[in-house]
S.K.: 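I'd like to ask you about the structure that follows.
As a basis for the values below, the full set of heavy atoms in this structure was taken, side chains included, without hydrogen atoms, waters or symmetry mates.
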Amino acid sequence: MGKCKFNDKWMEEDAFRVWLAPAKNKNEAMCKFCKKPFSLGTVGVKAIESHMKGGKHLRYMAAAKESEPGLIPALFAAPPNVASSDATSQSTIKNFVSPPETQKAEVIWVLHTVMRHNSFKSNEEISEVFAAMFPDSQLAKSFSCGENKTAYIAKYGTASFIKKELSRSVSEKPYVIMFDESMNKTTKNKQMDLHLRFWTHHVISRYYGSEFMGRSRAEDMLGHFSMAELITKSNSMRKRCKDKRGELMDLDHEIEKRVAELRYMS
């Protein structure tokens, strides 16, 4: 007998629709409470019912109800009327958004992970660890920062903010761009790392970014080097001079032009 495949209709059943989701593997199902996939085996929906009665699943479900008392009933409730007011919609959305204190704690933990060079995978199930360590803390119960969320916050949240702040700070004083080009054995192409050195009571050197090149001729390096400088100038101008839209548009056109040139050179 072959293995069962996930059926989307199972998510419409009242007993499953709060916590059940499809997994990457078509022969598995994802539990939103346990945050892990489980095999459907050859029994299909019976495997889902068995998982639902498991002790670990029940503990996570109880913790979710305790930390978000209005969330579970809202998910079990009938879909809202399309003509409902905006205030009701906003109130429902707030149930899915972490409070500011929790968001701050998650950002601090992401920064700790990056600064200590820990892997994103090491944060898997960290929310359960904190909840067990601090059972009387509501913040620990609402804290959620697994592998995927840690990677997302690090790349699209803190990294973007830090890079913009670096561009803004160097735009107000003289700075030097340092670069080092070498072969990246993983991507099999040339990588040029860019660092900024500037003076703030003392000399500071900060990593800015990396440019990946198909070739490393002098004109290739100059093109990528100029591209990074343009982006730095654009970011700093957006921070300081939001009213200078004309100059920003000119810079954007210049960046697009350089991107096209680099693609052609590669």
Side-chain angles (χ1 to χ4, degrees), residues 21 24 30 32-36 60 63-64 67-68 71 89-131 133-134 137-172 175 177 184 186-187 191-196 198 200 204-212 224 227-242 248 251-252 255-256 259:
K24 293 181 180 180
M30 173 65 72
K32 296 179 182 178
F33 289 147
C34 300
K35 300 178 182 178
K36 282 187 175 182
Y60 285 150
S67 60
E68 297 286 351
L71 177 59
S89 300
Q90 292 178 2
S91 176
T92 304
I93 292 174
K94 288 181 179 179
N95 290 330
F96 298 90
V97 179
S98 301
E101 295 79 8
T102 304
Q103 295 179 23
K104 180 180 178 180
E106 291 170 351
V107 170
I108 292 174
W109 184 252
V110 170
L111 291 173
H112 170 82
T113 301
V114 174
M115 293 298 292
R116 297 292 181 178
H117 301 286
N118 296 335
S119 67
F120 296 148
K121 186 69 175 179
S122 65
N123 284 347
E124 198 65 26
E125 298 185 353
I126 194 66
S127 56
E128 287 79 7
V129 175
F130 286 159
M133 292 170 59
F134 310 105
S137 172
Q138 290 298 324
L139 192 151
K141 292 176 181 179
S142 60
F143 183 92
S144 175
C145 203
E147 176 186 0
N148 294 333
K149 189 172 183 178
T150 301
Y152 188 89
I153 295 175
K155 183 175 182 179
Y156 299 105
T158 57
S160 177
F161 173 78
I162 291 173
K163 193 169 185 177
K164 289 180 180 179
E165 285 298 301
L166 178 59
S167 299
R168 181 192 60 79
S169 62
V170 300
S171 66
E172 300 170 353
Y175 64 93
I177 299 180
N184 188 315
T186 302
T187 60
Q191 175 179 339
M192 182 170 65
D193 295 333
L194 301 170
H195 294 255
L196 301 180
F198 54 97
T200 303
I204 298 177
S205 297
R206 294 279 299 277
Y207 170 76
Y208 180 78
S210 297
E211 294 288 329
F212 295 91
H224 286 274
M227 178 69 176
E229 190 175 15
L230 284 171
I231 294 175
T232 304
K233 185 177 180 181
S234 175
N235 289 338
S236 62
M237 186 174 291
R238 292 176 193 276
K239 186 74 174 181
R240 296 183 294 110
C241 310
K242 292 183 179 180
L248 285 174
L251 273 176
D252 288 339
I255 290 174
E256 293 175 0
V259 169

S.K.: Kindly write out the residues that satisfy side-chain contact (heavy atoms from CB on, under 4.5 Å) with Lys24, not counting sequence neighbours, or none if the list is empty.
M.R.: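 With sequence neighbours excluded, Lys24 shows a side-chain contact (heavy atoms from CB on, under 4.5 Å) to no residue whatsoever.
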S.K.: Check whether the side chains of Thr102 and Ser142 place a donor and an acceptor atom closer than 3.5 Å, and report yes or no.
M.R.: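 A donor-acceptor contact under 3.5 Å links the two side chains.
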S.K.: If you measure from CD on Gln103 to OG on Ser144, what distance do you get to the nearest 0.5 Å?
M.R.: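 So the gap between those two atoms works out to 12.0 Å.
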S.K.: At what distance, to the nearest 0.5 angstrom, does CD1 of Ile126 lie from CD of Glu106?
M.R.: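 The CD1 atom of Ile126 sits 12.0 Å away from the CD atom of Glu106.
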S.K.: Show your reasoning for whether side chain to side chain contact (heavy atoms under 4.5 Å, CB included) applies to Leu139 and Phe130.
M.R.: CA-CA 9 Å; Leu139 192 151; Phe130 286 159; over 6 Å; no
S.K.: More than 12 heavy atoms of other residues, nucleotides or ligands under 6.0 Å from NZ of Lys155: yes or no?
M.R.: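 For Lys155, atom NZ is not crowded (no more than 12 foreign heavy atoms under 6.0 Å).
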S.K.: Let's go through Arg206 and Ile162 carefully: what are the C-alpha distance in whole Å and the side-chain angles of both, what is the deciding distance for side chain to side chain contact (heavy atoms under 4.5 Å, CB included) to 0.1 Å, and is it a yes or a no?
M.R.: CA-CA 11 Å; Arg206 294 279 299 277; Ile162 291 173; 3.5 Å; yes
S.K.: Give the C-alpha distance, both sets of side-chain angles, the deciding distance and a yes or no for side chain to side chain contact (heavy atoms under 4.5 Å, CB included) between Lys36 and Glu125.
M.R.: CA-CA 10 Å; Lys36 282 187 175 182; Glu125 298 185 353; 2.6 Å; yes
S.K.: What residues form a ring pair (Phe, Tyr, Trp, His ring centres under 6.0 Å) with Phe134, not counting sequence neighbours?
M.R.: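 Per chain and number, Phe134 pairs via ring pair (Phe, Tyr, Trp, His ring centres under 6.0 Å) with no residue.
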S.K.: Just verifying a value: how many Å separate Tyr207 OH and Leu194 CG, rounded to the nearest 0.5 Å?
M.R.: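 Between Tyr207 OH and Leu194 CG, I get 7.5 Å after rounding to 0.5 Å.
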S.K.: Rounded to the nearest 0.5 Å, what separation is found between the OG atom of Ser122 and the CD atom of Glu147?
M.R.: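 If I round to the nearest 0.5 Å, the distance is 9.0 Å.
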S.K.: Quick one: pull up CG in Asn118 and CH2 in Trp109 and give me the separation to the nearest 0.5 Å.
M.R.: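 Rounded to the nearest 0.5 Å, the CG-CH2 separation comes out at 7.5 Å.
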S.K.: Under the ring pair (Phe, Tyr, Trp, His ring centres under 6.0 Å) test, which residues partner Phe120, sequence neighbours left out?
M.R.: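 Scan of Phe120 (ring pair (Phe, Tyr, Trp, His ring centres under 6.0 Å), adjacent residues dropped) gives none.
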S.K.: Using a 3.5 Å distance criterion without hydrogens, assess whether the side chain of Thr158 forms a donor-acceptor pair with backbone atoms of Ala154.
M.R.: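 Checked: pair present.
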S.K.: Got a second to check how far Ile108's CD1 is from Thr113's OG1, nearest 0.5 Å?
M.R.: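 The distance works out to 12.0 Å.
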